[in-house]
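Here's the structure we're looking at; comments come further down.
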Amino acid sequence: MKFDSLIIGGGVAGLSCAIRCAEAGLKTAVIAAGQSALHFSSGSIDVLSRLPNGEPVYQPFAQFDKLKAQSPNHPYSKLGETKVREALAWYQEMIQARGVLLSSQPDDANHLRLTPIGTFRSTWLSQQTVHQFPLTNTAGQLGHIALVTIDGFRDFQPQLAADNLAKLSPFKEVKITTAAVELPDFYTMQRNPCEFRSIDISRVLRDETKLHAFAKSLIQSVGKADLVVLPAVFGNGDGAATIKLLEGLTGFTICELPTMPPSLLGIRLEEAMKSHYKTLGGLILAGDEVQGGDFEDGELKCIYTRNHRDMPLVADHFVIATGSFFSRGLAAHRLNIEEPVFGLDTVAIPDRDHWYQPQFFAQQAHPFLKMGVDCNSHLQASVNNQTVGNLFCAGALLAHYDPVFEGCGSGVAISTGYHIAEQMIANANLTGQTESEPETEQQRRQEQQERTMA
Ligand SMILES: Cc1cc2nc3c(=O)[nH]c(=O)nc-3n(C[C@H](O)[C@H](O)[C@H](O)COP(=O)(O)OP(=O)(O)OC[C@H]3O[C@@H](n4cnc5c(N)ncnc54)[C@H](O)[C@@H]3O)c2cc1C
């Protein structure tokens, strides 16, 4: 089967790349082995919260020169500010068209989002249902915050969050209360505690009668508050609409907090991206895994998957966006790390004792997070120091940056995915390969076969 672009990995990096390719008319397929980090994510887009030397960042883009000086091989240093901005602007517009509004502070600054344990994380873009606390004057005009959970829900403990929040100096004068609201159907759901997760609650609250009953209990439990904070238990894709409805029913200003996985805020981004990609005619081979490929004359010719071992998938360009250790895009052995699909060149720290900090919750970064696949300035990968001209790398498997310490995970994933797509589109335009209306009966049959596979 022949494609213009084949993308390995269905996380935010792979999907951003695939959508941009499909928008430009490239015949594109994504192979995604499993769930991406989005199922565990806050659904906010971190761009740059801290420089590698630990200096906190107020306005991410204003710090790109300093970042380049400290980390010349950082993916942002390879792309430059203009390309990163362009990618994020494209992403905001694309995802807004699918009903998810991502916004930043008017002065381009980072903001703080509240975590489920009552601490704050700095980020750049948040969804419309997340309250953006400014970096300075963080509590703003808030006089009373109510942290509310669903009775029996284990993945958000408002008392813990309230205790931690109250310790922060900007919240010393703010009244912080907690409540637990009973869910209609609570007793039926309690029979099996494993079925009382955010996604199960969202199914109940999709029923308008039950949402009305929930709203009534919420008013009774909270009384009055300037901001009501609920765990993210509303809908996949339609969560924002459900919250708007609940605000109308209660008169409260309501915001959501990401919970333990499954994180509906992250899943909301994934659903929006996947449905947009499919609308553009893109193909996703979900649950399949790329296991290797054939190289010839410095290029990757085809790849093989677990489900299609004897049917090579051929493309002009390939992208590997298989994530970090967490998604098995990288594998750690006793003394080295490995990119397991193609054995790509990696950057690693030789002595395992220096891979991590002795304290898990250390103030400094864990060095292993900067290990990963090494690429040139075009984000092309190499094997045994030989560049593979048509194999690009995007997202969390890249070396030279730390998504956790620097707070730049999704920003890097989106901008590298987008930038690679732009290069593939430019190459396809040069060789006159764009667009793919089936021309012959054989091509039509092949396309039909591909859709059946998906
Ligand atoms: C728990 C957690 C929470 C995070 N929260 C945030 C956050 O709130 N905000 C933020 O900005 N960043 C966050 N990050 C940072 C995160 O690294 C990036 O945001 C981003 O999600 C990385 O995307 P990715 O597409 O590169 O990789 P991933 O999301 O890891 O996706 C990789 C995909 O590749 C697939 N795959 C792997 N191997 C193969 C194979 N051989 N064949 C086919 N498919 C394969 C995997 O199954 C997966 O679908 C978080 C990271 C983690 C781990």
Side-chain angles (χ1 to χ4, degrees), residues 6-19 29-49 60 75 88 91 102 110 113-116 121-127 130 232 257-263 265-270 273-274 284-293 303-308 313 318-331 338-344 366 369-370 372-373 379 392-399 401-418 420:
L6 269 173
I7 291 149
I8 311 165
V12 68
L15 287 173
S16 297
C17 185
I19 292 168
V30 173
I31 303 126
Q35 284 177 348
S36 73
L38 281 169
H39 286 242
F40 303 81
S41 129
S42 66
S44 289
I45 308 293
D46 301 347
V47 172
L48 186 65
S49 301
L88 289 162
Y91 189 82
L102 282 169
N110 280 322
R113 63 170 178 82
L114 188 60
T115 73
R121 285 271 308 172
S122 170
T123 189
W124 194 63
L125 291 173
S126 283
Q127 295 179 30
V130 172
L257 276 186
T259 63
M260 301 277 281
S263 164
L265 281 154
I267 294 173
R268 213 172 282 161
L269 290 181
E270 185 180 272
M273 282 192 279
K274 279 187 175 165
I284 301 184
L285 305 180
D288 202 357
E289 184 187 10
V290 177
Q291 297 189 318
I303 54 176
Y304 299 91
T305 72
R306 193 182 47 217
N307 296 343
H308 302 100
L313 303 177
F318 297 85
V319 180
I320 180 159
T322 46
S324 185
F325 302 97
F326 181 78
S327 293
R328 297 169 52 187
L330 297 170
E338 179 197 26
E339 184 288 299
V341 179
F342 303 116
L344 301 176
H366 288 286
L369 282 162
K370 282 194 177 177
V373 170
L379 303 177
F392 298 88
C393 299
L397 94 162
L398 286 167
Y401 82 103
D402 182 336
V404 179
F405 185 77
E406 293 162 5
C408 60
S410 299
V412 166
I414 292 166
S415 54
T416 51
Y418 176 87
I420 288 169

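Counting starts at 1 for both ligands and their atoms, in listed order.
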Check your understanding: Which one of Ala286, Ala37, Gly329 has a non-hydrogen atom at the shortest distance from atom 52 (C) of ligand 1?
Key -> Ala37
Exercise for review: Mark up the atoms of ligand 1 that fall under 4.0 Å of a heavy atom belonging to Gly395, in ascending order.
Suggested key: 26 (O)
Exercise for review: Could you tell me whether a side-chain N or O of Thr416 sits under 3.5 Å from a main-chain N or O of Val412, the two making a donor and an acceptor?
Suggested key: yes
Review point. Under 4.0 Å from any heavy atom of Val341, which atoms of ligand 1 are there?
Key: 41 (N)
Practice item. For atom 14 (N) of ligand 1, decide whether some protein heavy-atom distance is shorter than 4.0 Å. Key: no
**Study point:** Sub-4.0 Å atoms of ligand 1 with respect to non-hydrogen atoms of Ser44
**Key:** 7 (C), 9 (N), 10 (C), 11 (O)
Review point. Does some side-chain heavy atom of Leu313 sit less than 4.5 Å from a side-chain heavy atom of Ile31?
Key: yes
Revision key, fill the gap. Only one of Leu88, Asp46, Leu48 passes side chain to side chain contact (heavy atoms under 4.5 Å, CB included) with Trp124, and that residue is Leu88
Practice item. Considering heavy atoms of the protein only, find what lies nearest to atom 23 (O) of ligand 1 and give residue, atom and distance to 0.1 Å. Key: Val12 CG1, 3.6 Å
**Study point:** Passing option when Cys17 is tested against Val30, Ile414, Ile7, Val12 for side chain to side chain contact (heavy atoms under 4.5 Å, CB included)
**Key:** Ile7
Practice item. To the nearest 0.5 angstrom, please state how far the OG atom of Ser42 sits from the CZ atom of Arg113. Key: 3.5 Å
**Study point:** Option of least heavy-atom distance to atom 5 (N) of ligand 1 (set: Pro403, Ser41, Pro261)
**Key:** Ser41
**Study point:** Nearest non-hydrogen protein atom, atom 33 (C) of ligand 1
**Key:** Gly10 N, 3.7 Å
Practice item. Could you list which atoms of ligand 1 come closer than 4.0 Å to a heavy atom of Ile8? Key: 42 (N), 43 (C)
Check your understanding: Looking only at atom types and distance, does a side-chain atom of Glu289 sit under 3.5 Å from a main-chain N or O of Gln291, one as donor and one as acceptor?
Key -> no
Practice item. With rounding to the nearest 0.5 Å, note down the distance linking CD1 in Ile303 to CD1 in Ile8. Key: 4.5 Å
Practice item. Report yes if Ala33 has an N/O atom closer than 3.5 Å to an N/O atom of ligand 1; otherwise report no. Key: yes
Check your understanding: Ignoring hydrogens and geometry, is there a side-chain-to-backbone donor-acceptor pair from Thr322 to Gly9 under 3.5 Å?
Key -> no
**Study point:** ligand 1 atoms in contact with Ala321 (distance to a heavy atom under 4.0 Å)
**Key:** 32 (C), 33 (C), 34 (O)
Point to revise | Top protein contact for atom 19 (O) of ligand 1, by heavy-atom distance | key: Ser410 OG, 2.8 Å
Check your understanding: Which bit of Asp46 gets closer than 4.0 Å to ligand 1, counting heavy atoms only: side chain, backbone, both or neither?
Key -> both
Review point. Nearest non-hydrogen atom to atom 36 (N) of ligand 1 belongs to which of Thr322, Ile31, Ile7?
Key: Thr322
Exercise for review: Nearest 0.5 Å please: distance from the CG atom of Leu398 over to the CG atom of Leu379.
Suggested key: 6.5 Å
Check your understanding: Ala396 heavy atoms, cut-off 4.0 Å: which ligand 1 atoms fall inside?
Key -> 17 (O), 22 (C), 26 (O)
Point to revise | Spatial distance of atom OG (Ser36) from atom CG (Leu15) [nearest 0.5 Å] | key: 7.0 Å
Review point. Atoms of ligand 1 less than 4.0 Å from Gln35 heavy atoms?
Key: 47 (O), 48 (C), 49 (O)
Review point. At what distance is the nearest protein heavy atom to atom 3 (C) of ligand 1, and which residue and atom is it?
Key: Phe40 O, 3.6 Å
Revision key, fill the gap. The protein heavy atom nearest to atom 7 (C) of ligand 1 is Ser42 OG, 3.6 Å
Practice item. To the nearest 0.5 angstrom, please state how far the CG atom of Leu344 sits from the CG atom of Leu330. Key: 9.5 Å
Review point. Who's the nearest protein heavy-atom neighbour of atom 18 (C) of ligand 1, and how far?
Key: Gly409 C, 3.6 Å
**Study point:** ligand 1 to Ser327 polar contact by distance, N or O atoms, under 3.5 Å
**Key:** yes
Study note, to complete from the structure: Rounding to 0.5 Å, atoms NZ (Lys274) and CD1 (Ile267) come to a distance of 9.5 Å
Practice item. Name the closest protein heavy atom to atom 27 (O) of ligand 1, giving the residue it belongs to and the distance to 0.1 Å. Key: Gly323 CA, 3.5 Å
Check your understanding: So which protein heavy atom does atom 47 (O) of ligand 1 come closest to, and at what separation?
Key -> Gly34 N, 2.9 Å
Review point. Is there at least one protein heavy-atom neighbour under 4.0 Å from atom 50 (C) of ligand 1?
Key: no
Review point. Asn307 side chain to Asp288 main-chain N or O, any donor-acceptor pair under 3.5 Å?
Key: no
Check your understanding: Under 4.0 Å from ligand 1, counting heavy atoms only, is it the side chain of Phe326, its backbone, both or neither?
Key -> side chain
Review point. Between Pro403 and Gly409, which heavy-atom pair has the shortest distance, and what is it?
Key: CB-CA, 3.7 Å
